[in-house]
Amino acid sequence: MNNSKQKVLITGGGSGIGLALAQKFLQHGNTVIITGRNLTKLEEVKGEFPELHIFQSDVTKEEDVKKLVGQLQAEFGGIDVLVNNAGIMNLVDAGNESNDLKKQFQEIEINYHAPIRMLHHFLPQLKKSKHAVLINVSSGLAYVPFAQAPVYSGTKSALHFWTQGIRPQLKQHNIRVVELLPPVVDTPLAHGADIAEDDNLKPMPPEKMANIFWKDFTNGKDEITPGISTQLRLMSRLAPKFIFKQLNKEPIPKR
């Protein structure tokens with residue numbers, strides 16, 4: 001693929017990993033479009049990075065995604081790279097019957113259903129590109145589940161296997177499929193889930209994660225595992241019970 005002069009769409013690009021990836025694509029001469037649900041937050045990011053193009057759009061709403069497809073076709077002639085980054089993490093005690101079931105289903109909708117929806121509607125634009133790439137941002141927890149976030153771990157594992165399944169299919173249409181499996185990154189998502197201070201998970205600065213992504217991405221790697229994600233992948237194959245116990249010494253969330 002060309003690493004510059006591409007039109008790149010990043011969902012959930014207003015902060016954290018999405019914004020770090022957006023800056024990396026900008027630095028290499030690409031046109032970068034970010035989306036999010038919070039327009040005020042997007043406008044603040046636009047103030048800091050005027051080169052970014054922002055669109056308010058909810059990946060869980062069919063009508064929003066269809067509208068976005070039309071807007072990007074009209075304003076940019078379509079996209080070359082789709083980055084499915086939007087995601088949330090909730091800590092859940094499955095043994096507590098007072099859990100909010102709606103929040104758990106919303107987590108599945110954002111983390112797993114939305115990437116499928118985005119690909120479905122942007123597929124015609126990707127097929128027209130000469131350098132099309134789909135990038136799914138899953139997690140190192142796709143290899144080893146984190147008990148305090150069982151729904152999150154399940155959605156990322158599902159996204160991991162979906163990505164592997166569609167890779168040979170989309171290759172027939174000259175669309176490269178890349179999966180980024182970050183470790184815990186020092187982002188609002190990690191702080192919101194109260195895991196950024198967990199020494200066992202060792203949060204990585206988003207800029208460092210983006211640098212590792214870019215190096216592997218431009219070297220043609222299709223499964224990118226920064227930091228501890230590399231060890232999680234290896235240990236999930238060599239000693240799955242051991243690494244599960246190590247990661248889940250405290251399986252119940254504190255709050």
K.L.:
With rounding to the nearest 0.5 angstrom, report the CD to CD1 distance, E44 to I54.
P.N.:
10.5 Å

K.L.:
For F49, does the CZ atom sit with more than 12 other heavy atoms under 6.0 Å from it, leaving out its own atoms?
P.N.:
yes

K.L.:
Closest heavy-atom contact between P226 and P182?
P.N.:
CD-CA, 4.2 Å

K.L.:
For the side chain of Q23 and the backbone of L21, is there at least one donor-acceptor N/O pair under 3.5 Å apart?
P.N.:
no

K.L.:
Does one hydrophobic cluster hold both L119 and I116, with members joined at side-chain heavy-atom distances below 4.5 Å?
P.N.:
yes

K.L.:
Short question: side chain of D186, backbone of P205 - any donor-acceptor pair under 3.5 Å?
P.N.:
no

K.L.:
Could you tell me whether a side-chain N or O of T155 sits under 3.5 Å from a main-chain N or O of Y152, the two making a donor and an acceptor?
P.N.:
yes

K.L.:
Does a side-chain heavy-atom distance below 4.5 Å link L170 with L123?
P.N.:
yes

K.L.:
Could you label the plane-to-plane angle of the F217 and F213 rings as parallel, tilted or perpendicular, counting under 30° as parallel and over 60° as perpendicular?
P.N.:
parallel

K.L.:
For E62 and H121, does a side-chain donor sit closer than 3.5 Å to a side-chain acceptor?
P.N.:
yes

K.L.:
Given side chains that start at C-beta, do those of K5 and N30 come closer than 4.5 Å, heavy atoms only?
P.N.:
no

K.L.:
Apply side-chain contact (heavy atoms from CB on, under 4.5 Å) to I228 and Q231, showing your working.
P.N.:
CA-CA 5 Å; I228 196 174; Q231 285 73 47; 4.2 Å; yes

K.L.:
If I compare all heavy atoms of P145 with all of L247, which pair ends up nearest, and what's the gap?
P.N.:
O-CD2, 3.7 Å

K.L.:
Out of curiosity, D58 CG to E63 CD, how far, rounded to the nearest 0.5 Å?
P.N.:
8.5 Å

K.L.:
Just so I know, are the side chains of Q106 and I110 near enough to count as touching, which here means a heavy-atom distance under 4.5 Å?
P.N.:
yes

K.L.:
Hey, are the side chains of L126 and I79 touching, using non-hydrogen atoms and a 4.5 Å cut-off?
P.N.:
yes

K.L.:
Counting N and O atoms only, with roles assigned by atom type, does the side chain of N99 sit under 3.5 Å from a partner on the main chain of N96, one being a donor and the other an acceptor?
P.N.:
yes

K.L.:
Restricting to non-hydrogen atoms, name the atom on I243 and the atom on P240 that form the minimum distance, rounded to 0.1 Å.
P.N.:
CG2-O, 3.4 Å

K.L.:
Determine whether a donor-acceptor pair (N or O, by modelled atom type, separation under 3.5 Å) exists between the side chain of K7 and the backbone of F76.
P.N.:
yes

K.L.:
Please determine if K24 and E207 form a salt bridge, counting it only when a charged side-chain N lies under 4.0 Å from a carboxylate O.
P.N.:
no

K.L.:
With side-chain contact (heavy atoms from CB on, under 4.5 Å) as the test, pick out the partner of V83 among L9, T11, V137.
P.N.:
V137

K.L.:
Hydrophobic cluster membership, with links at side-chain heavy-atom distances under 4.5 Å among I/L/V/M/F/W/Y: are I10 and L26 in one?
P.N.:
yes

K.L.:
Do W214 and Q27 have side-chain heavy atoms sitting under 4.5 Å apart?
P.N.:
no

K.L.:
Taking the basic N atoms (NZ, or NE/NH1/NH2) and the acidic carboxylate oxygens, is any pair closer than 4.0 Å for R117 and E109?
P.N.:
yes

K.L.:
Are L72 and F122 packed together at the side-chain level, in the sense that at least one heavy-atom pair is separated by less than 4.5 angstrom?
P.N.:
yes

K.L.:
Would you say that more than 12 heavy atoms from the other residues, nucleotides or ligands in this model lie under 6.0 Å from the NZ of K46, or not?
P.N.:
yes

K.L.:
Go through it in stages, so that I can follow the logic: the residues are Y143 and T225, the test is side-chain contact (heavy atoms from CB on, under 4.5 Å), and I'd like the CA-CA distance, side-chain angles, deciding distance and then a yes or no.
P.N.:
CA-CA 11 Å; Y143 297 126; T225 54; 3.4 Å; yes

K.L.:
Looking only at heavy atoms, what is the nearest atom pair of S229 and G140, with distance?
P.N.:
OG-CA, 3.4 Å

K.L.:
Is there a donor-acceptor pair closer than 3.5 Å between any side-chain N or O of E179 and the backbone N or O of D222?
P.N.:
no

K.L.:
If you compare all heavy atoms of A210 against all heavy atoms of A20, which two are closest, and at what distance to 0.1 Å?
P.N.:
CB-O, 3.8 Å

K.L.:
Look at the side chain of S157 and the backbone N and O of S153, then say whether any donor-acceptor pair between them is shorter than 3.5 Å.
P.N.:
no

K.L.:
Please report the C-alpha distance between V177 and E223 in whole Å, then the side-chain angles of each, then the deciding distance to 0.1 Å, and finally whether the side-chain contact (heavy atoms from CB on, under 4.5 Å) criterion is met.
P.N.:
CA-CA 9 Å; V177 176; E223 191 167 306; over 6 Å; no

K.L.:
How close do V45 and G14 get, heavy atom to heavy atom, and via which atoms?
P.N.:
CG2-O, 3.2 Å

K.L.:
Counting C-beta onward and ignoring hydrogens, is there a side-chain heavy-atom pair between R176 and V178 closer than 4.5 Å?
P.N.:
yes

K.L.:
Report yes or no: do M89 and L101 belong to one cluster of Ile/Leu/Val/Met/Phe/Trp/Tyr joined by side chain heavy-atom distances under 4.5 Å?
P.N.:
no

K.L.:
Verify, without hydrogens or angle tests, whether N38 (side chain) and K41 (backbone) share a donor-acceptor contact under 3.5 angstrom.
P.N.:
yes

K.L.:
For the CD1 atom of I175 and the CD1 atom of I166, what is their distance to the nearest 0.5 Å?
P.N.:
9.0 Å

K.L.:
Does CZ belonging to R37 count more than 12 external heavy atoms closer than 6.0 Å?
P.N.:
no

K.L.:
Would you check if the side chain of N90 reaches a backbone N or O of V92 as a donor-acceptor pair within less than 3.5 Å?
P.N.:
no

K.L.:
To the nearest 0.5 angstrom, please state how far the CG atom of D93 sits from the NZ atom of K254.
P.N.:
14.5 Å

K.L.:
Has the side chain of S139 got a donor or acceptor atom that lies under 3.5 Å from a matching backbone atom of K156?
P.N.:
no

K.L.:
Verify the neighbour count for atom CD of E250: are there more than 12 heavy atoms of other residues, nucleotides or ligands below 6.0 Å?
P.N.:
no

K.L.:
Enter the distance from I224:CD1 to L180:CG here, rounded to the nearest 0.5 Å.
P.N.:
6.0 Å

K.L.:
Indicate, with yes or no, if V144 and F242 share a hydrophobic cluster defined by side-chain heavy-atom contacts under 4.5 Å among Ile, Leu, Val, Met, Phe, Trp and Tyr.
P.N.:
yes

K.L.:
Could you verify whether a donor N or O on one side chain and an acceptor N or O on the other, from S138 and N136, lie under 3.5 Å apart?
P.N.:
no

K.L.:
Is there a path of hydrophobic side-chain contacts, each under 4.5 Å between heavy atoms of I/L/V/M/F/W/Y residues, joining F105 to V151?
P.N.:
yes

K.L.:
Can a donor-acceptor pair be found between the side chains of K67 and S57 at a distance below 3.5 Å?
P.N.:
no

K.L.:
Under 4.5 Å between any side-chain heavy atoms of H53 and T31, yes or no?
P.N.:
yes

K.L.:
Decide side-chain contact (heavy atoms from CB on, under 4.5 Å) for V8 and D80; before the verdict, give the C-alpha distance in whole Å, the side-chain angles of both, and the deciding distance to 0.1 Å.
P.N.:
CA-CA 6 Å; V8 182; D80 302 293; over 6 Å; no

K.L.:
When rounded to the nearest 0.5 angstrom, what distance separates CE in M235 from OG1 in T230?
P.N.:
13.5 Å

